[in-house]
There are 2 protein chains.
Amino acid sequence: MAIPLSSETSHTVRKTLEFVQHHRLARGDRLPSERELSERFGVARSSVREALAVLDAMRITERRPKSGIYLRNAVEDGGLDALVLQADLGLTFDPQITRDVTEARIICEEQALRLACQRRTDADLSKLHQTLQAYAATIQAGGDMAEADVDFHLALVAASQNRILVRTLTPLMLMSRRWRQRYFESEAIRRRSLDDHHAFVAAVEARDEAAAAALVRCHVETAAADVRALAEQGGTTSTNST
Amino acid sequence: MAIPLSSETSHTVRKTLEFVQHHRLARGDRLPSERELSERFGVARSSVREALAVLDAMRITERRPKSGIYLRNAVEDGGLDALVLQADLGLTFDPQITRDVTEARIICEEQALRLACQRRTDADLSKLHQTLQAYAATIQAGGDMAEADVDFHLALVAASQNRILVRTLTPLMLMSRRWRQRYFESEAIRRRSLDDHHAFVAAVEARDEAAAAALVRCHVETAAADVRALAEQGGTTSTNST
DNA sequence: CTACCAATCTGGTCTGACCAGATCAAGCAG
DNA sequence: CTGCTTGATCTGGTCAGACCAGATTGGTAG
């Protein structure tokens with residue numbers, strides 16, 4: 001599960017976003033001209049333009065002919081992928097958005113799990129057990145828990161046999177990924193999380209909709225609360241450029 | 001409510017997609033080289049490259065260095081916006097996807113309406129009445145019903161005060177927009193639809209969650225069934241390139 | 001102080017060039 | 001005839017430089 005960013009052009013895209021981040025630009029602010037950016041990044045103007053075309057399509061920037069390049073606001077100006085990208089780069093940390101994401105996640109994931117209980121196949125089940133093992137292995141190996149977590153939850157949703165739900169939830173998962181990096185540093189949380197995941201699989205296996213739905217609400221809400229607690233305790237490290 | 005496509009570069013993006021459509025290219029097929037596309041479209045190669053950067057970011061195409069440009073499959077390869085774009089251009093008409101979209105819409109919209117009943121403000125309410133009037137006016141004027149319908153439903157969801165839900169539902173609405181063009185040709189359906197919308201607003205105004213939830217299921221499912229009936233009766237006009 | 005004009009800056013577009021792999025066909029050696 | 005090598009050709013990736021048409025800006029002439 002990686003942030004979808006074209007590998008070409010991606011370098012300049014990242015550089016541009018880092019520029020925005022570093023200079024703490026906000027909605028409506030103007031970026032340097034294409035020529036200056038190309039000079040600054042050490043690439044040709046055409047390369048900058050390709051990156052800007054992507055950022056434009058994502059509604060992160062807006063190019064006004066004869067005027068300049070301006071920052072949009074990913075939340076209001078559309079482009080879910082843009083939001084994900086910004087979240088992943090730590091560009092946005094609006095508490096309201098995190099609440100909204102959690103709420104939307106619970107809504108979609110609960111219903112997805114209900115469908116999964118109805119429709120899951122044996123193949124889904126073995127895939128789930130496999131992902132669960134990978135999750136446990138990641139804990140053992142000290143790997144990227146947030147990534148493994150996203151993989152597991154998406155595998156769970158995939159059992160609903162609804163590809164649109166998977167795709168709807170993917171950005172929501174990815175968006176919260178970064179917020180949960182620190183969350184998984186706690187040994188206790190990692191263990192509890194593993195137990196929860198086992199319970200998820202058991203519920204889907206037993207086709208127990210009520211249990212699955214209750215689990216989702218509890219699991220996601222608890223996690224969100226913990227993240228909030230961490231954020232308050234540790235202070236908000238990220239700034240909000242929106 | 002328009003398909004989000006950068007106005008620059010958009011011409012070439014559309015041309016490229018039309019090429020794919022016209023030549024009935026499928027997943028994995030190779031497009032002509034950048035040089036040939038630029039010749040074919042009558043634009044410079046740099047312009048083609050900007051368009052391809054966007055299509056790449058949307059996961060519609062894949063550029064393999066030293067090899068060529070290949071078509072991806074928007075459903076499997078990610079990029080919800082890509083799906084919307086393809087749906088809007090009539091590039092995909094997978095019955096399974098339409099079912100998935102309808103299902104996801106009901107899930108998200110029902111819960112969004114429940115939240116809207118809880119949280120709607122007076123401002124939301126007047127916005128809703130206003131959108132409703134615009135909807136009625138569109139019927140009178142014989143305007144684009146599908147567009148007005150998207151606007152109304154998004155206004156409804158916006159009353160949930162959850163911006164992520166709005167953004168999650170936007171592509172789902174847009175995706176079905178094209179499928180509903182013919183749907184709204186029927187006078188009876190237009191009238192029934194208007195009645196439904198009035199009922200939606202009334203439920204949200206009265207904060208009647210149960211009524212709102214029931215309405216969503218009925219409204220969306222009936223509409224989906226009607227669209228399916230139309231598709232079967234009139235035959236599938238679109239082809240599926242996935 | 002005002003009005004006007006020219007230099008300058010912007011994004012939008014095009015041309016043409018070079019690079020480095022990949023591909024493939026021709027030709028040579030066996 | 002077979003098999004390997006080799007070179008022409010094609011690919012996307014990148015760059016430099018040019019022109020255009022508006023918008024902005026600054027200074028100058030009235």
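The chains referred to below are lettered A, B, ... by the order of the sequence lines, with proteins before strands, and numbering in each begins at 1. Atom set for the values below is all heavy atoms of this structure, side chains included, hydrogens, waters and symmetry mates excluded.
Using a distance-only test at 3.5 Å, with no hydrogens or angles considered, a donor-acceptor pair links the side chain of B:R72 to the main chain of B:T61. A donor-acceptor pair under 3.5 Å is formed between the side chain of B:D124 and the backbone N or O of B:T121.
We find that CD1 of B:I69 is positioned 17 Å from P of C:dA22, with the value rounded to whole Å. Note: CZ (B:F41) to C1' (C:dT13) measures 17 Å, nearest angstrom. B:K66 has its NZ atom 18 Å from the C1' atom of C:dC24, to the nearest Å. Atom CD in A:E36 sits roughly 12 Å away from atom C1' in C:dT10 (whole-Å rounding). Rounded to whole Å, atom P of D:dC15 lies 10 Å from atom CD of A:E50. A straight line from CG of A:L37 to C1' of D:dT14 spans 17 Å, rounded to a whole angstrom. Note: CG (B:D56) to P (D:dG12) measures 11 Å, nearest angstrom. As a whole-Å value, the separation of B:R49 CZ from C:dG16 P is 18 Å.
Side-chain to base pairing of A:R45 with C:dG12: one donor and one acceptor N or O lie within less than 3.5 Å of each other. Scanning atom types as modelled, one donor and one acceptor separated by under 3.5 angstrom connect the side chain of A:R35 and the base of C:dG11.
Here the nucleotide nearest the side chain of A:E34, chosen from C:dT10, C:dG12, C:dG21, is C:dG12. Among the nucleotides C:dG11, C:dA22, D:dA16, the one closest to the side chain of A:A44 is D:dA16.
A sub-4.0 Å separation between OP1 or OP2 of C:dG21 and a side-chain N or O of B:S67 is absent. Under 4.0 angstrom from either OP1 or OP2 of D:dC10 there lies no side-chain N or O belonging to B:S33. Taking only side-chain nitrogens and oxygens, A:R64 never comes nearer than 4.0 Å to OP1 or OP2 of C:dG11. Taking only side-chain nitrogens and oxygens, B:R63 comes nearer than 4.0 Å to OP1 or OP2 of D:dG13.
Seen from the ring of B:F19, B:R40 does not count as a face-on cation partner, given the 6.0 Å and 45° thresholds. For the pair A:R64 and A:Y70, the cation-pi criterion (under 6.0 Å, within 45° of the ring axis) is fulfilled.
If you check every strand for non-hydrogen atoms under 4.0 Å, A:L52 touches nothing. Residue B:S46 is classed as a base contact, given a heavy-atom separation below 4.0 Å to a base.
Taking a cutoff of 4.0 Å between a charged side-chain nitrogen and a carboxylate oxygen, A:E103 and B:R119 qualify as a salt bridge.
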